[in-house]
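Accompanying notes for the structure given below.
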There are 2 protein chains.
Amino acid sequence: MPNLPNLQNDLGFDFYVASRLVSQAYREPLQELGLTYPQYLVMLVLWEEDGQMVSQIGEKLQLDSGTLTPLLKRLESANLIHRNRSESDERKVVIELTYPGKALQAKAKDIPEKIGTSLNSWEENELTNLSTLTKKLIKDFTQTNSWKK
Amino acid sequence: MPNLPNLQNDLGFDFYVASRLVSQAYREPLQELGLTYPQYLVMLVLWEEDGQMVSQIGEKLQLDSGTLTPLLKRLESANLIHRNRSESDERKVVIELTYPGKALQAKAKDIPEKIGTSLNSWEENELTNLSTLTKKLIKDFTQTNSWKK
DNA sequence: ATAAATTGAATTGTGAACAATATATCTTGT
DNA sequence: ACAAGATATATTGTTCACAATTCAATTTAT
């Protein structure tokens, strides 16, 4: 990026690049599980709590059905999840892990340590600092975009 | 995101969300200029220095020709740039701003201040701290992904 | 000088992200 | 009960990200 005098543009650009680098770093280890990074995030959410609605997953990942529906269909094709309409409310689609989907959690356990070996050398408070400030930025921008939804 | 005990996954997820929120925040103001966020970044690079090769732009934005070629063709269709093969080396494609492309810089000037009003209330050192740490993470992950390229 | 390797961009194919719209189901107000 | 509104997901269409491959132009090594 050029040497912008503008911290705002600069910061946005940095997040744009950082996000893609993180996703790329996960690519190789995730490939062994047959997952993309967004699919991995969905699986993390489901491993945390099985049987969630599409909208619940969407809320946690800040994604809408336009993104999630096709992604979830791919996870279904891969036999990792089932998609079933709720009986009590036919509008809702409940996502449940299949047995292979549950079993994959064990294989995914050591994904994080396969990555970011460089992060391991960071000072503890640098990491928590970055984490805290990033979450703060997320909070601010979530409000900025409040016209959405 | 679930309350992961894992800072690594957590941080990656935060960057994933933050990046999309930033891009969404830019969407509305950029729409008036007829630009998407990635297109805006390309224009910033060109406003900084006109007449760059595709690969130079790619290096600055960390994007390859698979992403840039179609994006640049759209900017060409919008009459913001010209794409011409270099005479000295026919493999190279030189990107030059058209007059409307140059003129757009003036309109884009106050894009940043239209956004992130919330960022303005941050402590100065919080912003620079976040910026510094994000750049450090980028550096680390760039090396992690060094098998690429 | 020419075959082999390299380089720069384009192409192909897959998966995301998201606006806008559609569709079906459920809820509310009267 | 039923029309009007709200809700949950799906669909359509555009743009991006990126791996893998292709193709032409240039560089190099012999």
Side-chain angles (χ1 to χ4, degrees), chain A residues 13 15-28 30-31 34-43 52-59 61-78 81 83-95 145 147-149, chain B residues 15-28 30-31 34-42 52-59 61-78 81 83-95 145 147-149:
Chain A
F13 171 73
F15 275 92
Y16 168 75
V17 172
S19 170
R20 285 161 42 226
L21 286 174
V22 168
S23 157
Q24 284 166 26
Y26 275 86
R27 190 177 316 264
E28 200 171 20
L30 283 179
Q31 196 165 314
L35 293 176
T36 65
Y37 185 65
Q39 288 168 9
Y40 172 64
L41 294 179
V42 169
M43 293 302 287
Q52 295 187 69
M53 290 167 28
V54 173
S55 55
Q56 286 180 282
I57 299 171
E59 195 175 349
L61 300 181
Q62 304 268 0
L63 294 171
D64 66 11
S65 67
T67 301
L68 283 176
T69 297
L71 188 155
L72 291 168
K73 284 184 178 175
R74 279 177 216 115
L75 290 179
E76 188 179 40
S77 300
I81 63 165
R83 298 162 61 247
N84 294 308
R85 293 272 165 189
S86 162
E87 290 189 11
S88 62
D89 186 340
E90 291 278 341
R91 293 171 305 179
K92 299 177 181 175
V93 169
V94 177
I95 308 298
N145 297 2
W147 51 273
K148 287 203 50 169
K149 233 290 104 266
Chain B
F15 275 93
Y16 168 75
V17 172
S19 170
R20 286 162 42 226
L21 286 175
V22 168
S23 158
Q24 284 166 25
Y26 275 86
R27 192 178 314 267
E28 201 172 21
L30 283 179
Q31 197 165 313
L35 292 176
T36 65
Y37 185 65
Q39 289 169 7
Y40 172 65
L41 294 178
V42 168
Q52 295 187 69
M53 290 168 29
V54 172
S55 56
Q56 286 180 282
I57 299 171
E59 196 174 347
L61 299 181
Q62 306 268 358
L63 294 170
D64 65 11
S65 66
T67 301
L68 283 176
T69 297
L71 188 155
L72 291 169
K73 283 184 178 175
R74 277 174 219 118
L75 290 179
E76 188 178 39
S77 300
I81 63 165
R83 297 162 61 247
N84 294 308
R85 294 270 165 191
S86 161
E87 291 190 8
S88 62
D89 186 339
E90 292 278 340
R91 291 171 305 180
K92 300 177 181 175
V93 168
V94 177
I95 307 297
N145 297 2
W147 49 273
K148 286 204 50 166
K149 251 254 138 324

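Reckoned from all heavy atoms, side chains included, excluding hydrogens, waters and symmetry mates. Predicted model only: the values in this text are computed from it and were never measured. Protein chains get the first letters and strands the later ones, always in sequence-line order, with residue 1 at the start of each.
A:L30 places its CG atom 13 Å from the P atom of D:dA19, with the value rounded to the nearest Å. Atom CD1 in A:I57 sits about 12 Å away from atom C1' in D:dT9, given to the nearest Å. Protein atom CG of A:L61 is 15 Å distant from nucleotide atom C1' of C:dC18, rounded to whole Å. Counting to the nearest Å, the P atom of D:dA19 and the CD atom of A:E28 are 10 Å from each other.
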Assess whether side-chain contact (heavy atoms from CB on, under 4.5 Å) is satisfied between A:L63 and A:I57, documenting all intermediate values.
CA-CA 8 Å; A:L63 294 171; A:I57 299 171; over 6 Å; no

List the steps and the verdict of side-chain contact (heavy atoms from CB on, under 4.5 Å) for A:T69 and A:V93.
CA-CA 10 Å; A:T69 297; A:V93 169; over 6 Å; no

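Atom CZ of B:R20 is separated from atom OG1 of A:T67 by 7.0 Å, given to the nearest 0.5 angstrom.
The backbone N or O of A:T36 sits nowhere less than 3.5 Å from a side-chain atom of A:R27 that would complete a donor-acceptor pair.
Between A:Y16 and B:Y37, the ring-plane angle classifies as perpendicular under the 30° and 60° cut-offs.
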Going 5' to 3' along nucleotides 4-17 of chain C, which nucleotides have protein heavy atoms under 4.0 Å from the base (write B), which only from the sugar-phosphate (write S), and which from neither (write -)?
---BSBBB---SSB

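With sequence neighbours left out, B:E76 forms a side chain to side chain contact (heavy atoms under 4.5 Å, CB included) with B:I81, B:R83.
B:S88 comes within 4.0 angstrom of the backbone, heavy atoms only, and of no base.
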